[in-house]
Peer 1: 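The structure follows.
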Amino acid sequence: MLLSEVFRTATFRLTLAVVAAMIGTAALQFSLGYSQAKTFEFRRSDALLHREADLLSRETAQDLEHKIRERATDDLRVVINEAGLFDMSHRYVAGDLRVWPKGLYSDGRVHELTVWPTEDAPYVLRILAIPVSGGRILVLARGLHMLDELRLMMRHSLVVSIVPTVLFALMSGIVLSHRALARVTVMHEAIDRIMEGDMHERLPSGRGRDEMQRLAGSVNRMLDRLEHLMDEIRDVGNDIAHDLRTPLARVRARLDRAQGGALSADDLRLVVGRAIDDLDQCFSIITALLRIGEIENARRRVGFAVVDLNEIAADIVDLYEPIAEAKQIRLDLLPSVGPVPVYGDRDLLIEVVANLIDNAIKFTDPGGEVTLGTVRHGDGARLEVADTGIGIIPEERQAVLNRFYRSDKSRHVPGSGLGLSLVSAILRLHNATLTISETRKQDIRPGALFGVVFPSAPPTTPTAA
């Protein structure tokens with residue numbers, strides 16, 4: 001693994017940002033600390049200057065001049081770095097400060113001035129000048145060398161502390177980046193194998209819960225879904241070919257017979273009619289597949305509104321009641337107390353109820369019964385379609401929702417195996433759940449009970465008058 005790749009990782013760049021933040025924070029702390037120390041030193045120096053000036057101003061002119069001349073041998077030298085005694089014309093009288101500082105006024109205030117000695121480099125002093133007895137001016141000055149020493153000490157401390165910290169942070173960033181890059185490399189290799197066609201390959205997710213492992217888990221779930229969809233596409237393609245091949249083969253055989261010219265006019269019309277029926281079956285399969293694809297793409301959500309599920313059920317019962325009577329099947333709508341609101345597309349919900357009723361009638365023997373009921377279910381609604389037909393065994397209750405699936409007990413009944421697939425797609429669009437159970441347990445013909453639970457409908461917004 002190249003070191004340049006480690007430097008380009010997001011982890012290392014984040015480490016550099018943290019290091020920069022650490023350096024900036026340390027520099028800010030140094031600046032604030034030095035500013036506070038400078039302010040404190042200024043106040044302390046000014047207080048010392050005023051105190052010493054007050055004490056010296058009480059001396060007589062002769063004693064003051066003596067003290068200024070002899071200050072190198074007493075304690076005044078420790079507190080006051082430089083002192084001078086001048087007359088009112090700013091001419092030197094005594095002390096080690098021999099030249100009146102330029103810009104100094106004897107106004108009793110402390111001034112910060114730069115002194116330019118003839119034999120040394122310039123330096124900054126805090127200077128106080130006050131009139132004293134004898135017509136003279138006392139000048140006291142205190143240097144800022146302690147502040148300079150403090151600045152050098154803090155700067156040295158900053159360098160000594162920040163350098164090892166930055167080095168340790170950079171080393172940690174390199175180690176963490178190397179580790180993250182190794183994990184990403186493993187994921188890249190797994191993705192390359194997936195792109196080469198190995199759809200069973202998955203990203204290493206591990207047992208941890210960091211962001212990389214959560215991302216790998218999400219990608220693996222997406223791959224599981226893609227693999228399932230690809231299997232469905234492959235199975236659907238095979239089922240489409242199988243289901244379309246039979247009616248198309250019958251159409252071809254009948255047209256071949258008609259082309260022979262040995263059929264009468266009545267037989268020819270019969271052959272053409274059956275060929276049209278077979279082609280209609282093919283078109284119905286294609287139309288159903290297109291409908292399922294459109295619904296699964298969620299293109300119909302714009303038509304959602306609050307509708308009465310009980311009203312839809314009543315309309316479907318009125319529509320299918322003659323068909324049920326023709327097959328000697330009793331079709332009943334269970335009474336409901338008040339409307340049963342659901343949030344969805346009315347036309348799609350009609351398809352759901354119609355397909356469930358048609359499926360129930362189709363697999364119920366003459367003399368049987370089909371019931372339809374709608375009730376409020378908590379904050380949502382529940383739709384139930386029950387019949388007394390052949391039923392669905394538990395092992396096939398999930399499989400019947402797949403496209404073109406038909407159980408062995410229902411292969412003699414005409415159909416394409418797409419009705420329940422269409423119902424399942426519509427219910428997924430409505431965030432509804434479908435359950436399949438038996439109507440009567442411990443019976444030769446247990447029947448089937450389809451239960452659909454819809455989520456709560458959102459509150460209706462009043463329209464403007």
Side-chain angles (χ1 to χ4, degrees), residues 225 228-229 232 235-236 239 288-289 291-298 300-301 304 307-313 315-317 320 331 333-334 336 340-364 370-407 409-410 413 415-441 446-457:
R225 178 61 176 165
H228 176 70
L229 292 175
E232 280 191 351
D235 294 340
V236 166
D239 292 336
L289 289 173
R291 289 279 295 157
I292 294 175
E294 178 188 359
I295 293 169
E296 288 182 342
N297 286 333
R300 294 293 298 270
R301 286 188 180 272
F304 276 30
V307 297
D308 185 4
L309 190 60
N310 191 43
E311 180 182 343
I312 294 176
D315 293 341
I316 296 300
V317 168
Y320 276 88
L331 177 60
L333 174 63
L334 300 179
S336 175
V340 182
V342 295
Y343 184 68
D345 188 299
R346 178 180 177 84
D347 295 335
L348 294 180
L349 293 176
I350 289 175
E351 281 196 61
V352 168
V353 180
N355 272 283
L356 292 177
I357 292 296
D358 182 74
N359 189 75
I361 293 175
K362 189 184 300 182
F363 293 102
T364 301
V370 175
T371 57
L372 173 61
T374 59
V375 293
R376 289 180 177 268
H377 184 77
D379 294 334
R382 178 176 176 85
L383 168 73
E384 290 187 351
V385 177
D387 61 60
T388 58
I390 58 178
I392 303 173
I393 60 176
E395 294 78 9
E396 294 183 340
R397 288 173 184 172
Q398 185 61 36
V400 295
L401 302 179
N402 297 331
R403 301 176 188 180
F404 297 106
Y405 181 85
R406 305 191 71 189
S407 63
K409 295 187 298 182
S410 63
V413 180
S416 61
L418 292 173
L420 292 180
S421 299
L422 182 61
V423 169
S424 179
I426 295 175
L427 294 181
R428 281 197 300 269
L429 183 65
H430 288 75
N431 297 323
T433 57
L434 172 65
T435 58
I436 303 175
S437 58
E438 64 273 2
T439 305
R440 300 171 297 183
K441 297 182 178 180
L449 173 62
F450 290 84
V452 180
V453 176
F454 293 90
S456 60

Peer 1: Locate the shortest heavy-atom distance separating Val340 from Asp308; write the atom from each residue and the value.
Peer 2: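 Smallest interatomic distance, heavy atoms only, reads N-OD1, 2.8 Å.
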Peer 1: Using side-chain heavy atoms (C-beta onward) and a distance below 4.5 Å, is His430 in contact with Asp345?
Peer 2: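 His430 reaches Asp345 side chain to side chain.
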Peer 1: Could you check whether Asp315 pairs with Arg346 (Lys NZ or Arg NE/NH1/NH2 to Asp/Glu carboxylate O, under 4.0 Å)?
Peer 2: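 Yes, this pair counts.
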Peer 1: Hey, is the main chain of Ala360 close enough, under 3.5 Å, to the side chain of Thr364 for a donor-acceptor pair?
Peer 2: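 Between the backbone of Ala360 and the side chain of Thr364 there is a qualifying donor-acceptor contact (under 3.5 Å).
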Peer 1: Looking at every heavy atom in both Gly391 and Pro446, which two are closest together, and how far apart are they?
Peer 2: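 That closest heavy-atom pairing would be CA-CG, 4.5 Å.
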Peer 1: Using every non-hydrogen atom in the two residues, find where Pro455 and Asn431 come nearest and quote the distance to one decimal.
Peer 2: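 The pair with the smallest heavy-atom distance is CD-O, 3.5 Å.
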Peer 1: Donor-acceptor pair, distance only, cut-off 3.5 Å: does the side chain of Ser336 make one with the backbone of Thr374?
Peer 2: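 Pair found, side chain donor or acceptor close to backbone of Thr374.
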Peer 1: Checking side-chain contact (heavy atoms from CB on, under 4.5 Å) for the pair Leu349/Val342: CA distance, chi angles, key distance, verdict?
Peer 2: CA-CA 10 Å; Leu349 293 176; Val342 295; 3.7 Å; yes
Peer 1: Might you point out which heavy atoms bring Ala354 and Tyr320 nearest each other, and give the distance in Å?
Peer 2: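 Residues Ala354 and Tyr320, closest heavy atoms: O-OH, 3.7 Å.
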Peer 1: Check whether any side-chain heavy atom of Thr435 sits under 4.5 Å from a side-chain heavy atom of Arg382, and report yes or no.
Peer 2: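 Side chain of Thr435 against side chain of Arg382, heavy atoms only: contact under 4.5 Å found.
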Peer 1: Which residue, Asn359, Thr388, Val317, Asp387, forms the side chain to side chain contact (heavy atoms under 4.5 Å, CB included) with Val370?
Peer 2: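 Output: one option passes, namely Asp387.
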Peer 1: Verify side-chain contact (heavy atoms from CB on, under 4.5 Å) between Ile392 and Phe450, making sure each step is shown before the conclusion.
Peer 2: CA-CA 10 Å; Ile392 303 173; Phe450 290 84; 3.8 Å; yes
Peer 1: Could you check whether the rings of Tyr343 and Phe304 sit parallel, tilted or perpendicular, using 30° and 60° as the cut-offs?
Peer 2: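 The rings of Tyr343 and Phe304 stand perpendicular, inter-plane angle above 60°.
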Peer 1: Show the nearest heavy-atom pair for residues Leu309 and Ala381, with the distance to one decimal.
Peer 2: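 The answer is CD2-CB, 4.4 Å.
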Peer 1: Do Leu449 and Glu384 touch side chain to side chain, with heavy atoms closer than 4.5 Å?
Peer 2: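 Heavy-atom side-chain distance check passes, below 4.5 Å.
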Peer 1: Go through Leu434 and Leu420 one step at a time and tell me if the side-chain contact (heavy atoms from CB on, under 4.5 Å) criterion holds.
Peer 2: CA-CA 10 Å; Leu434 172 65; Leu420 292 180; 5.7 Å; no
Peer 1: How close do Val307 and Gly344 get, counting heavy atoms only, and between which atoms?
Peer 2: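 Here Val307 and Gly344 meet closest at CG1-O, 4.3 Å.
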Peer 1: Using side chain to side chain contact (heavy atoms under 4.5 Å, CB included) as the criterion, point out the one residue from Leu427, Val452, Val453 that pairs with Thr433.
Peer 2: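 Exactly one option meets the side chain to side chain contact (heavy atoms under 4.5 Å, CB included) with Thr433, and it is Val453.
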Peer 1: Got a donor-acceptor contact below 3.5 angstrom from the Thr439 side chain to the Ala448 backbone?
Peer 2: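 Yes, because the side chain of Thr439 sits within donor-acceptor range (under 3.5 Å) of the backbone of Ala448.
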